[in-house]
S.K.: 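Just dropping this structure here.
The first residue of the sequence shown is numbered 1, and numbering continues consecutively from there. The structure displayed is predicted, hence computed values, not measured ones.
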Amino acid sequence: MIAKRPWWAEARADAHPFQRARRRRGIRLMEDRKSRVFRNGPIDALLVLFSITQFAVTIWLAAVDPTGLWPMVGSFALVAFMLTYSVIIVSHLFSHQPWFVSSRHNAVMSLINSANIAQSVQAYRLTHVRNHHRYNNDRKGEDGTTRDVTSTFRYSRDDGHAPLWRYLFFSLAESVRELLGTFAALRRGCRVGADETLLQELATRNPERRRAELRQIQADRLAHLGLLALLAVLSWQWLLICYLPAIAVAFTLVNVQNYYRHYGAHPESRYANSVSHYGRLYNWLTFNDGYHQEHHLRPTTHWSQLPRVAERYGASFREDGHVVSPVPAVAGFLDIRREGLPSAAERTPGDPEAC
């Protein structure tokens, strides 16, 4: 028995060959569009699912307004976890590799993720991709500061790593300043102001793309503030007692993560400027987040391909003294054997770091 051809494959017998060819091209184009919703494949739908789930769960928690000690503690812990995971994993991956082919879909996803992480994802993308990945946790220069605004050397009193507590304090203070700045930007519709020099410098010079990037930051900020307003309407008590403290805890954990992703690494070496963790369970749960040296070496590589980067450059990593942690970066303080880079005053003339 001959199977009946689908409707879209039927062609009139008397159709002109050019018409049949054009129809076939149209069919292929339609099929390609259906299969090309995701830029790097449908596996990224898991990240989309987490983003939407976090957004919905946050609103639901405010709506049910849990009362009692343990429900409040559980609500706080869940929100802090979702925020931390979203910054470290979900929005981080999105900032490097937007998930959709459609720019409109990516713009909407940026709004959702911005609401989820209490900051503009587009602004995060500019500072992370165009600043952090350009300067790679650099040391202080002759001007007494670092070019990487998140460098672990930035808040030190010498030219070594800043102590963890000092790094966390100043980093959290900077996050609070940015949050207050978002509220202050309401008077200009949350547009990026002329005084926001870092974002102005990092935005692309192409006029059309620059406008699009700055408009996305504006929209992201409005989405973030819109969620805060909604949560306040649903339960201002839950907002103050659970949500805002969860943001502070999440930002602190994110800074712990960033600190131990680079503590002890060598910023001068492109093969050893970051710390990796190869635990299978952690990388399975976090979309290969542990492959951080690999990510810094090839930041545009999709997360699913990072193990291949590790295989390809393994010899170069070992030769340059790449640091491998036995624990994930967020628990890097448990890696008691790891040593930070010495400051200039602590280096000896024969120390390679002095060269």
Side-chain angles (χ1 to χ4, degrees), residues 37-38 44-95 98-100 102-125 172 175-176 178-186 189-190 215-254 257 285-287 330:
V37 174
F38 291 97
D44 285 342
L46 295 173
L47 296 164
V48 177
L49 179 62
F50 183 91
S51 293
I52 296 174
T53 300
Q54 179 188 356
F55 186 74
V57 168
T58 301
I59 296 174
W60 175 77
L61 286 172
V64 299
D65 190 14
T67 57
L69 177 61
W70 292 115
M72 292 289 283
V73 170
S75 175
F76 163 80
L78 178 58
V79 172
F81 165 76
M82 292 190 300
L83 277 161
T84 304
Y85 190 90
S86 189
V87 177
I88 292 176
I89 310 299
V90 181
S91 293
H92 174 238
L93 293 176
F94 180 79
S95 70
W99 302 323
F100 297 105
S102 168
S103 59
R104 291 183 179 180
H105 291 166
N106 287 324
V108 172
M109 205 70 246
S110 183
L111 299 180
I112 295 174
N113 283 334
S114 297
N116 285 343
I117 68 172
Q119 60 182 303
S120 165
V121 166
Q122 179 65 25
Y124 168 75
R125 176 176 179 268
L172 182 59
S175 297
V176 172
E178 291 177 2
L179 179 60
L180 295 177
T182 300
F183 283 100
L186 273 171
C190 286
R215 281 198 303 266
Q216 187 64 54
I217 294 176
Q218 179 185 16
D220 288 350
R221 288 172 169 176
L222 290 171
H224 169 212
L225 295 179
L227 177 64
L228 289 179
L230 176 59
L231 298 181
V233 170
L234 294 173
S235 175
W236 62 267
Q237 298 94 332
W238 183 84
L239 175 70
L240 294 177
I241 297 174
C242 286
Y243 187 75
L244 294 181
I247 291 178
V249 170
F251 283 179
T252 299
L253 291 175
V254 168
Q257 173 91 350
L285 293 173
T286 61
F287 301 88
V330 74

S.K.: Could you list the donor-acceptor pairs under 3.5 angstrom formed by side chains in residues 58-73, with sequence neighbours left out?
M.R.:
residue: T58; atom: OG1; partner: Q54; partner atom: O; Å: 2.8
residue: D65; atom: OD1; partner: S235; partner atom: OG; Å: 3.1
residue: D65; atom: OD2; partner: S235; partner atom: OG; Å: 3.3

S.K.: Heavy atoms only: give me the nearest Q257-V330 pair and the separation to one decimal.
M.R.: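 In this case the closest contact between Q257 and V330 is OE1-N, 2.8 Å.
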S.K.: Would a 4.5 Å heavy-atom cut-off, applied to side chains only, mark L47 and F94 as touching?
M.R.: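 No, too far: nothing below the 4.5 Å cut-off.
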S.K.: Just wondering, do L228 and H224 contact through their side chains at under 4.5 Å, heavy atoms?
M.R.: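 A side-chain contact under 4.5 Å exists here.
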S.K.: Would you say E178's side chain and Q119's backbone share a donor-acceptor pair under 3.5 angstrom?
M.R.: no
S.K.: Distance from C190 atom SG to I217 atom CD1, nearest 0.5 Å?
M.R.: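 Result: 11.5 Å between the selected atoms.
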S.K.: Hey, can you pull the donor-acceptor pairs under 3.5 Å for the side chains in residues 237-253, sequence neighbours left out?
M.R.:
residue: W238; atom: NE1; partner: S75; partner atom: OG; Å: 2.7
residue: T252; atom: OG1; partner: A248; partner atom: O; Å: 2.9

S.K.: To the nearest 0.5 Å, what is the distance between CD on Q218 and CD on Q122?
M.R.: 12.5 Å
S.K.: Mind checking whether V48 and M109 have side chains closer than 4.5 Å, heavy atoms only?
M.R.: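 The answer is yes, as the side chains (C-beta and beyond) meet within the 4.5 Å cut-off.
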S.K.: Should the pair Y124 and H92 be assigned to parallel (<30°), tilted (30 to 60°) or perpendicular (>60°) ring geometry?
M.R.: perpendicular
S.K.: Any idea which heavy atoms bring I117 and S86 closest together, and the distance?
M.R.: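 Looking at all heavy atoms of both residues, the shortest contact is CG2-OG, 3.3 Å.
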S.K.: Can you tell me if D44 uses its side chain to pair, donor with acceptor, with the backbone of W99 under 3.5 Å?
M.R.: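 No; judged by distance alone, with no hydrogens or angles, the pair does not exist.
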S.K.: Can you tell me how far the CG atom of L179 sits from the CG atom of L172, to the nearest 0.5 Å?
M.R.: 10.5 Å
S.K.: Atom CZ of F50 and atom OG of S91: how far apart are they, to the nearest 0.5 Å?
M.R.: 9.5 Å
S.K.: Are S114 and S110 side-chain neighbours, meaning at least one heavy-atom pair lies under 4.5 Å?
M.R.: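 Yes, side chains in contact.
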S.K.: For the atom pair OG1 (T286) and CD1 (I88), what is the distance rounded to the nearest 0.5 Å?
M.R.: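 Here the interatomic distance stands at 9.5 Å.
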S.K.: Drop me the distance from I52's CD1 to N113's CG, to the nearest 0.5 angstrom.
M.R.: 9.5 Å
S.K.: Looking only at atom types and distance, does a side-chain atom of N116 sit under 3.5 Å from a main-chain N or O of S51, one as donor and one as acceptor?
M.R.: yes
